[in-house]
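Working notes, beginning with the structure itself.
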Amino acid sequence: QVQLVESGGGLVQAGGSLRLSCAASGRTFSSYRMGWFRRAPGKEREFVAAIIRNGGNTYYADSVKGRFTISRDNAENTVYLQMDSLKPEDTAVYYCAADRPGGPYYYTDVREHDYWGQGTQVTVSS
């Protein structure tokens, strides 16, 4: 199993940038597919980005494509979400999530992911 702790959230003006980090513990980190999800006020948790085990393939929600970049450093047991050109509608609690190895990766599905961090607040002001 893996334990996840997000950091890097905060308050930023529209057009600014933040980099979120998700530090993982556990010897099997490199075996997990990793995703970022967010929950905006009054909304359900939604998919943001995902990355496969070796980082070769990445996936993004249409709403963030071209602005956000997901990456991972397996040697550091960390996954990142670089967020550029932030918009007020990006305001949400952001969560990282880990998917156990095996089978196809339904990366947009909240239920696909087995482990979750506590979340970090991102607030974008206009």
Side-chain angles (χ1 to χ4, degrees):
Q1 62 182 22
V2 62
Q3 296 78 46
L4 307 172
V5 179
E6 302 98 332
S7 62
L11 175 64
V12 65
Q13 292 184 348
S17 298
L18 286 172
R19 188 178 74 159
L20 306 184
S21 298
C22 178
S25 62
R27 68 183 186 275
T28 59
F29 172 76
S30 63
S31 297
Y32 288 80
R33 287 85 67 101
M34 301 293 298
W36 285 96
F37 291 75
R38 67 187 182 187
R39 183 168 59 207
K43 303 291 185 180
E44 297 293 324
R45 191 174 302 189
E46 67 175 359
F47 167 74
V48 175
I51 190 166
I52 63 170
R53 287 171 286 181
N54 66 1
N57 290 339
T58 57
Y59 312 93
Y60 298 94
D62 288 343
S63 59
V64 307
K65 191 173 182 64
R67 299 188 298 119
F68 291 10
T69 304
I70 188 172
S71 61
R72 69 190 296 163
D73 186 340
N74 288 340
E76 297 292 334
N77 283 13
T78 304
V79 62
Y80 302 96
L81 186 68
Q82 177 67 44
M83 305 185 295
D84 298 320
S85 301
L86 282 162
K87 304 175 181 179
E89 52 263 44
D90 295 317
T91 295
V93 177
Y94 284 72
Y95 301 87
C96 64
D99 172 53
R100 293 179 298 187
Y105 184 29
Y106 298 109
Y107 50 83
T108 64
D109 189 353
V110 168
R111 299 189 305 170
E112 173 75 25
H113 298 83
D114 304 290
Y115 304 101
W116 293 84
Q118 83 288 350
T120 186
Q121 176 71 49
V122 171
T123 302
V124 184
S125 65
S126 59

Go through it in stages, so that I can follow the logic: the residues are I70 and Y59, the test is side-chain contact (heavy atoms from CB on, under 4.5 Å), and I'd like the CA-CA distance, side-chain angles, deciding distance and then a yes or no. CA-CA 8 Å; I70 188 172; Y59 312 93; over 6 Å; no
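- Under a 3.5 Å cut-off, the side chain of N74 and the backbone N or O of R53 do form a donor-acceptor pair.
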Is there a ring-ring contact (aromatic ring centres under 6.0 Å, His included) between F68 and Y60? Walk through the geometry before answering. CA-CA 8 Å; F68 291 10; Y60 298 94; 8.2 Å; no
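- In the hydrophobic cluster analysis, where Ile, Leu, Val, Met, Phe, Trp and Tyr join through side-chain heavy atoms closer than 4.5 angstrom, Y94 is grouped apart from F37.
- Applying the side-chain contact (heavy atoms from CB on, under 4.5 Å) test between L81 and each of L20, T69, V64 identifies L20 as the sole match.
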Listed pairs under 3.5 Å, donor-acceptor, residues 119-126 side chains, sequence neighbours left out:
{"unit_1": "T120", "atom_1": "OG1", "unit_2": "G9", "atom_2": "N", "d": "3.2"}
{"unit_1": "Q121", "atom_1": "NE2", "unit_2": "A92", "atom_2": "O", "d": "3.4"}
{"unit_1": "Q121", "atom_1": "NE2", "unit_2": "T123", "atom_2": "OG1", "d": "3.3"}

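- Residue R38 is tested with E46, E44, E6 for a salt bridge (Lys or Arg N to Asp or Glu O under 4.0 Å); the sole match is E46.
- Of all heavy-atom pairs between R72 and Y32, the closest is NH1-O, 2.8 Å.
- Checked against the 6.0 Å centroid threshold, H113 and Y106 do not count as a close aromatic pair.
- Taken together through direct or relayed side-chain contacts under 4.5 Å among Ile, Leu, Val, Met, Phe, Trp and Tyr, Y95 and M83 form parts of separate hydrophobic clusters.
- In terms of hydrophobic clustering, with Ile, Leu, Val, Met, Phe, Trp and Tyr side chains grouped at heavy-atom distances under 4.5 Å, L86 and V93 are assigned to different clusters.
- Closest of all the heavy-atom pairs between A40 and T91 is CB-O, 3.6 Å.
- When all heavy atoms of V2 and A24 are compared, the pair lying nearest together is CG2-CB, 3.6 Å.
- I52 CD1 to D99 CG: the interatomic distance, rounded to the nearest 0.5 Å, is 12.0 Å.
- With a 6.0 Å radius and a threshold of 12 heavy atoms from other residues, nucleotides or ligands, R100 has its CZ atom at or below the threshold.
- Rounded to the nearest 0.5 angstrom, Q82 CD and S21 OG are separated by 9.5 Å.
- Connection of V79 to Y105 is not established within any shared hydrophobic cluster, with ILVMFWY side chains joined at heavy-atom distances below 4.5 Å, either directly or through further cluster members.
- Shortest non-hydrogen contact noted between R33 and G103 is NH2-O, 3.3 Å.
- Ring planes of Y107 and F47: tilted class, angle from 30 to 60°.
- In plain terms, the two heavy atoms of V110 and W116 that are nearest each other are O-CZ2, 3.4 Å.
- Contact detail for P104 and E112: the closest heavy-atom pair is O-OE2, 3.5 Å.
- To the nearest 0.5 Å, atom CZ of residue F29 and atom SG of residue C22 are 7.0 Å apart.
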